[in-house]
Structure formats: C-alpha cells, structure tokens
Amino acid sequence: MAAAVRVVAVMGYPSPMWFGDSPGYLTAAVEFEPSETRPSGYALLLWAIKPFHSFTLMVSVQHAVGLLTGVLVYALVWRAGRAAWPDGNGRLVGVLGALLTVPVLLPVHQVALEHMLMSDSFFAFLLLAAVAAVLWRRRTTWWLAALAGLLAGFAGITRTAGLPLIAVIVVAMALRRAGWRACGVVVAAFAVPVAGYMLWFHSAYGEYKLAKAEQVWLYARTATFADCGVIDPRPELEIMCPERSDPRISRPFAAMWTADSAFRDIPGWIYGERGNRLAGEFSREAIKAQPVDYAKVVVHDTLRAFEWERKPYPTPWTWRQYEFPEGEAWADEQAEIAAKYDPGGSGRTRVVEPWAGRMLAYQDNVVLPGTVLGVLLLGGLGGGLLYLRSGGRWRPRRAAWHWGTGALLPWGTSLALLVIPAATADFDYRYVLPAVPFACVALGLAVLPPPRPAPVQESLEEDSREKVDAERG
C-alpha cells in the first residue's frame, strides 16, 4: 500500500518539490563542494545520482529510502517479538510490527517529505539504520558497533541534529553490556565521516568546520525571548537586538531571513566571520541573562509537535510547502541550478493529472496528527510498566532494565530529535517527522516482553563466534 501511494506521487509529480534550502543542496552536488550554511551529507547522495541526469529517479530513490525506513521499523519489532516468543505468537508480532509501520509509511506528510529536495527523510533513514545496528543482537558486536558509528556519523553530516545522538547510542550500548571495545569502536567509526567532512570543508574554505554559519541558528532561537533591556549588551552587540515588524512571522525566522534581520547590516551576511561571531556572543549572553525564558521557549516549541492540527508557523507560507501543491511554480534560481544537474529539464515542477488529483485527495484524508506522536512517545515510555509485576511479585528493577536495554535508545532518539531543533533553532513541522519511526520502534520494544534467555548451546556457539571474531579482528 505504501509503495502504491508513492507510485501515484511520482506519476503525479515527476519532479521534486523545492524548498528554500534546495538550491544550496543541489549546488553542492553539482560543484562537489560543501555548502557554507549547513552540512552537505545529503548532497553526496544527490551527487551519486547525478550521472543519471534524472530528478524523477532522484525522488524515486528517496521514496525507496522512505519504504526502507518502514521496513527497518517492522524488522526491529519483529526481531524483538521473536526473541520474546521464539515458540509462537508470530502472527501477533507480525500484526504489531505492521501497525507500527503505518505512521511511518502512510501519512501524506511523510510521503511529501520524501518527495522534497531536502535532507530530512535521508537523515531519518541513516539514523534509524544506526539504531537498528545497535539493537540487532542482544549484545552489540564490534562490527555492528562500527556499522552503527559510520551510519550515525553520516547522519551527523547530513543534519547537525544527529551529532549529539552518538551519546545516546553509547549510553544504550553500555546498558546493553556491549563492552568497552564495542563502545570505543562506535565512537571511532562515528568520527570517521565527521572528520572526513571537516577535511573536505577545510579544502574549500580553509576552516575545520561543518559549516561557516554554525552560531547563527542559536541566535535565531534566542530572538524569540531576547530582551536587550535585560541583557544589556555591549555597544557592538546592540546591532543584534532582534526586531519583528510582521507579527505573522516567527521571531527566529524574522531574525534570519526578513528585512528585520540584523545580518542585513553586517558585511558577509550570515556567512561572514563578524556576523557569526556576534551571533554566538549574543546568544550566550541572552541565555545567561534569561535562562528561564530560554527554557520556557524550548518546552513550548517542543510541545508544538503534539498539537492535533498544523498551524501557519513559522510563516503563513512555509508550512504549506510541506504538502503537494495544486499548481506549478518555477523560479530562475531553481531553473539555473537544475539545468546543471539535469539538462533535460526534469527538475521543473510539473503537475500531471489525473495522478496529482488523486494525490491531493489522499492528502486531504491521510495525515498523522501530532497528538498521535505524543501517544506513541507516552506508550514507549510507559510500556515497560506492563512488566512491573511478574510471578506474583513486584519487579521494578526488571521493568526498568527491560526498558533501558530496549526502548530507551529509540525513545531517547525520538525525543532528542524534537528537543534539539527547539533548543538550537526554531520549531518547524519538517523537523517533527524524523522522530516518528523511532517513537514507533520504542513503543514496540516497550510493550513486548523481555527476550527469553538464549539456550545454553546457542549461547556457547555465539560466544565462540565472538571469540573467533576477536582473534581475527
């Protein structure tokens, strides 16, 4: 069913949906040069597809990645269920796994995000694959740890929100008794793509960074609450005091992209050294002077993810760009860079009937309200309570251990993907969707019983294999 929906989407919209960041990603792919503003891991995927000169192929690949994300959700729940019930209940496990893929595979906004020339769906897949590598066996081997680290590292250079999540992975591996060697391997493997990307960035710009404008996003976050009467900034910083002349536009968006932006009066705009430096200093001063206001903003914008209906935020037009359009729009900037990627012109926005009409009808009816994501997260957190009592006795340590060695990793990842943008940039609906597959996996692992102890012979064989691997490795 999910594949059929995506076929209709590609037939109705053979070219990708463009967003403000899309030309930057495509330019990085065409010129094979990292972007100044954000990591270009996604651009490497576009570069790999570039020899085919087809935007239709590009969106098809991204939809295939979306399907694989759902497959990973199912596989993780299935393996956990079979470990808990090795002698039966296969149909029940299959039904549970299938139901938990629905929020990942069928809601229209997930399909639309895959159809966009944006990094988010690819980022979610890489990060979920890293989590799957950690959870694949009861005890993470060194080679699974290496795979998890590499995937998490590539996720981090695709979106910086993935960088802090290596800490969640290491904690989960430690709880699962992976051992010091596996924990060391996952960190070392994580560093490989990150360090490689920084070397690539240095070759282009002479700096060992992931982006030139790494501090301006936090400045945008502080623009929501910053009060210069409280902060009392030094004279050079006063230029950064935020303004917003249009109340329909969120303060972070206005601080970055409108005529009210302080960067308009700074040479180099957000890419310049001075603007980046002042933004970082102002952000630190604002948070230090108004820590309670900062905490309130983070909590408020995190909770936006759980509202039933979407609202016109951060602007009256941004949130609509995450849906399939009724008509066609095409800008000169898009045309110029698209022609370099595909001279045949398949990047131009096209609406093909009757398929587009069917996709729009689907869009009107199949959505995932944010409240459902909240229910999934609450279920993933509280599911372990089902095993507080066992054998006529209360066993809180057993329940906590079951949750900590299973659901904790996907649940913590899901929550972090909601909190990190709210704490470092601004709320945006496209930041919510990558958290969904992790919430689904967490719920499945939480409600399923703990795995049965492995038979002695099987355990001995597994230990023997690990010993051989260690001697070879």
Side-chain angles (χ1 to χ4, degrees), residues 16 18-48 50 116-120 122-123 153-164 193-223 239-240 252-284 314 318 331-341 347 420-421 424-426 428 430-431:
W18 291 68
F19 190 72
D21 301 341
S22 300
Y25 286 123
L26 204 57
T27 299
V30 169
E31 299 178 356
F32 198 68
E33 186 173 274
S35 170
E36 292 181 291
T37 55
R38 56 185 59 81
S40 300
Y42 170 62
L44 296 177
L45 174 67
L46 299 179
W47 173 80
K50 181 178 178 291
M116 296 186 71
L117 214 167
M118 293 290 288
S119 65
D120 301 85
F122 184 52
F123 164 76
F154 280 112
I157 65 171
T158 300
R159 262 190 59 193
T160 52
L163 293 174
V194 176
Y197 186 88
M198 293 176 71
L199 288 171
W200 186 33
F201 192 89
H202 178 268
S203 69
Y205 304 109
E207 300 178 82
Y208 291 103
K209 292 183 175 182
L210 296 180
K212 278 190 174 183
E214 80 278 11
Q215 300 189 70
V216 299
W217 312 108
L218 184 59
Y219 166 76
R221 172 72 293 172
T222 60
I239 192 177
M240 305 304 294
F253 190 97
M256 291 290 293
W257 309 115
T258 71
D260 295 327
S261 173
F263 297 106
R264 302 289 182 185
D265 301 321
I266 299 177
W269 194 40
I270 64 173
Y271 309 114
E273 186 278 332
R274 181 168 179 252
N276 194 49
R277 174 175 55 82
L278 292 178
E281 183 180 348
F282 185 90
S283 302
R284 292 188 291 273
T318 302
D332 292 340
E333 180 189 15
Q334 296 171 352
E336 182 179 356
I337 188 61
K340 296 179 181 179
Y341 190 84
I420 290 173
T424 60
D426 190 12
D428 198 303
R430 68 184 174 92
Y431 297 153

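For this chain, numbers begin at 1 and follow the sequence in order.
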Which atoms form the tightest heavy-atom contact between [X] and [Y], and what is the distance?
X      : Y      : answer
Arg264 : Trp257 : NH2-O, 2.7 Å
Ser40  : Ala28  : OG-CB, 3.9 Å
Asn276 : Gln215 : OD1-N, 3.0 Å
Ala161 : Pro164 : O-CD, 3.4 Å
Ala29  : Ala43  : CB-O, 3.5 Å
Ala211 : Arg38  : CB-N, 3.9 Å

Exercise. With sequence neighbours excluded, what pairs up with Tyr25 under the side chain to side chain donor-acceptor pair (under 3.5 Å) test?
Worked result: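 So Tyr25 forms a side chain to side chain donor-acceptor pair (under 3.5 Å) with Ser119.
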Exercise. For Tyr271, which residues count as a side chain to side chain contact (heavy atoms under 4.5 Å, CB included) partner, sequence neighbours excluded?
Worked result: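 With sequence neighbours excluded, Tyr271 shows a side chain to side chain contact (heavy atoms under 4.5 Å, CB included) to Glu36, Thr37, Trp269, given in chain and number order.
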Mark yes when over 12 heavy atoms from residues, nucleotides or ligands other than [X] sit less than 6.0 Å from its [atom1]; otherwise mark no.
X      : atom1 : answer
Glu333 : CD    : no
Trp47  : CH2   : no
Glu207 : CD    : yes

In Å, rounded to the nearest 0.5 Å, how long is the span from [atom1] of [X] to [atom2] of [Y]?
X      : Y      : atom1 : atom2 : answer
Met240 : Glu281 : CE    : CD    : 10.0 Å
Phe122 : Leu44  : CZ    : CG    : 8.0 Å
Lys50  : Leu26  : NZ    : CG    : 9.5 Å
Ile239 : Leu278 : CD1   : CG    : 7.5 Å

For this session: Mind telling me whether Phe282 and Tyr219 have parallel, tilted or perpendicular rings, with 30° and 60° as the class edges?
Result: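 Ring orientation of Tyr219 relative to Phe282: perpendicular.
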Backbone of [Y] reached by a side-chain donor or acceptor of [X] within 3.5 Å:
X      : Y      : result
Ser22  : Leu117 : yes
Tyr197 : Gly153 : no
Tyr341 : Gly347 : no

For this session: Can you spot which of Asp428, Asp120, Asp21 makes a salt bridge (Lys or Arg N to Asp or Glu O under 4.0 Å) with Arg159?
Result: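 Of Asp428, Asp120, Asp21, salt bridge (Lys or Arg N to Asp or Glu O under 4.0 Å) with Arg159 is met by Asp120 alone.
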